[in-house]
Amino acid sequence: MDASAHQPIISVRDLAVGFGERLIIDGLDLDVQPGEVLGVVGGSGTGKSVLTRCILGLVPKRRGTIEAFGQNLDGLSRAEHKAVERRWGVLFQHGALFSSLTVKQNIQVPLREYLKLSEPLMDEIARLKIAMVGLRPDAGDKYPSELSGGMIKRAALARALALDPEIVFLDEPTSGLDPIGAEEFDTLIRTLRDTLGLTVYMVTHDLDSLARICDRIAALAEGRVIATGTMADMLRHPHPWLRKYFGGERARAAGVKA
Ligand SMILES: Nc1ncnc2c1ncn2[C@@H]1O[C@H](COP(=O)(O)OP(=O)(O)OP(=O)(O)O)[C@@H](O)[C@H]1O
């Protein structure tokens, strides 16, 4: 069998990231396996967004290595890094669409940045992505201010999928959605994973999402990943934060059971 079949898409070793004198991440190891939906959890301020941004090259690290698609990201030229960036899509917290652009134009931003395509082809790709995330065709001509929270998330996901990425990074994709909207969005992510073979790295506080769609969970505390595994593994873990998080009232309400 091809050895690359088992190679993690993302591999982080002994990562340290800090601001000023404060180390937020210190000695963090994490692998993201091809085709999995990985849920990244941790208390507020534990560094989930910082970790994500560091993997994406938006925050510098102090120490450690980050590999994406088998390549060490250190020492890549700008062109080589851009080639890596083309293989991932990102949905930042709150959608982060450009408010002055329509949904179609937002989806076309990465196409313009990374590819040279004709206008009709870009329109066709935008149409496909809009359909893929379950938006109506007329959503393409709307501005973000004209969309509901759930539609904004879908539009942002369509933009994250614009370049047919192998992995998408989602930062709290269901935050701000009502339970029905959140469940529909989870179903969409799962469907995209199943149909496109997408790998999903998802920062979330949403226990329903974790239980519903994550194959594996990575828990952050004390600057590192303190545990990885299935929901069942999390429920058995002795770490006090995990016991509180997965054993609390909210977890019971989400139907999370040992
Ligand atoms: N650019 C920055 N400069 C200084 N400190 C920062 C910067 N970015 C993040 N931090 C700090 O790093 C810590 C981790 O922040 P981060 O946003 O990663 O937390 P988080 O785990 O994603 O939290 P939440 O679940 O609340 O979104 C916080 O204390 C934050 O204030």
Side-chain angles (χ1 to χ4, degrees), residues 10-32 37-66 68 73 81 85 88-97 149-150 152-153 156-157 160 167-179 181-182 185-186 189 200-214 216-229 231 234 237 239-251 253-254 256:
I10 303 289
S11 184
V12 178
R13 290 291 176 273
D14 194 30
L15 184 71
V17 186
F19 302 100
E21 302 201 331
R22 208 170 138 225
L23 269 187
I24 307 291
I25 290 171
D26 189 8
L28 182 145
D29 296 331
L30 180 68
D31 285 337
V32 186
V37 179
L38 177 74
V40 178
V41 299
S44 220
T46 45
K48 302 179 296 295
S49 296
V50 167
L51 169 64
T52 310
R53 295 174 70 81
C54 187
I55 294 171
L56 297 173
L58 303 171
V59 169
K61 60 185 168 63
R62 298 260 171 97
R63 189 184 77 230
T65 56
I66 301 174
L73 299 185
H81 202 274
E85 289 166 18
W88 65 44
V90 187
L91 193 164
F92 287 110
Q93 222 172 333
H94 313 303
L97 292 174
I152 287 180
K153 298 274 185 189
L157 184 61
I167 176 170
V168 284
F169 292 86
L170 312 175
D171 197 351
E172 299 198 31
T174 55
S175 76
L177 297 184
D178 65 44
F185 199 81
D186 282 343
I189 291 169
V200 180
Y201 167 111
M202 179 169 79
V203 174
T204 185
H205 285 292
D206 188 335
L207 281 159
D208 292 305
S209 287
L210 285 169
R212 223 163 15 221
I213 63 166
C214 292
R216 221 159 55 90
I217 296 168
L220 259 68
E222 300 144 22
R224 45 193 191 85
V225 173
I226 53 163
T228 56
M231 182 62 92
M234 296 297 123
H237 202 282
H239 191 282
W241 185 82
L242 288 170
R243 297 206 71 76
K244 208 164 164 190
Y245 191 75
F246 289 102
E249 277 302 319
R250 281 172 57 246
V256 173

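Just so it is clear, the model here is predicted, and its values are computed rather than measured. Remember, it's 1-based here, ligands and their atoms both numbered in the order they're listed.
Within 4.0 Å of atom 13 (C) of ligand 1, at least one protein heavy atom is present.
Residue Leu91 holds its CG atom at 6.0 Å from CG of Leu157, rounded to the nearest 0.5 Å. The structure places CG of Asp29 at 8.5 Å from OG1 of Thr65, a figure rounded to the nearest 0.5 Å. To the nearest 0.5 Å, the span separating CZ on Arg212 from CG on Asp206 amounts to 6.5 Å. Distance check, rounded to the nearest 0.5 Å: CG of Leu220 to CG of Leu30 gives 8.0 Å.
Side-chain atoms of Thr228 and Ile217, non-hydrogen and from C-beta on, never get closer than 4.5 Å to each other.
Regarding atom 21 (O) of ligand 1, its nearest protein heavy-atom neighbour is Lys48 NZ, 2.8 Å. For atom 11 (C) of ligand 1, the closest non-hydrogen atom on the protein side is Ile24 CD1, 4.0 Å. In terms of protein heavy atoms, atom 10 (N) of ligand 1 is closest to Phe19 CE1, 3.5 Å. Looking from atom 27 (O) of ligand 1 to the surrounding protein, the closest heavy atom is Glu172 OE2, 3.6 Å.
Residue contacts with ligand 1, taken as heavy atom pairs separated by less than 4.0 Å, involve Val50 via backbone and side-chain atoms alike.
Salt bridge annotation for Arg13-Asp31: present, with a cationic side-chain nitrogen under 4.0 angstrom from a carboxylate oxygen.
Taking every heavy atom of His205 and a limit of under 4.0 angstrom, the matching atoms of ligand 1 come to 25 (O). Listed by atom number, the atoms of ligand 1 under 4.0 Å from Gly43 heavy atoms are 21 (O). Taking every heavy atom of Arg22 and a limit of under 4.0 angstrom, the matching atoms of ligand 1 come to 29 (O).
The option from Gly45, Gly42, Gly20, Ser49 that lies nearest to atom 22 (O) of ligand 1, judged by heavy atoms, is Ser49. One option in Gly18, Gly47, Ser44 has a heavy atom closer to atom 24 (P) of ligand 1 than any other, and that option is Ser44.
Looking at residues two or more places apart in sequence or on another chain, you find a ring pair (Phe, Tyr, Trp, His ring centres under 6.0 Å) between Tyr201 and Phe169.
Smallest separation of non-hydrogen atoms from Gly39 and Leu210: CA-CD2, 4.0 Å.
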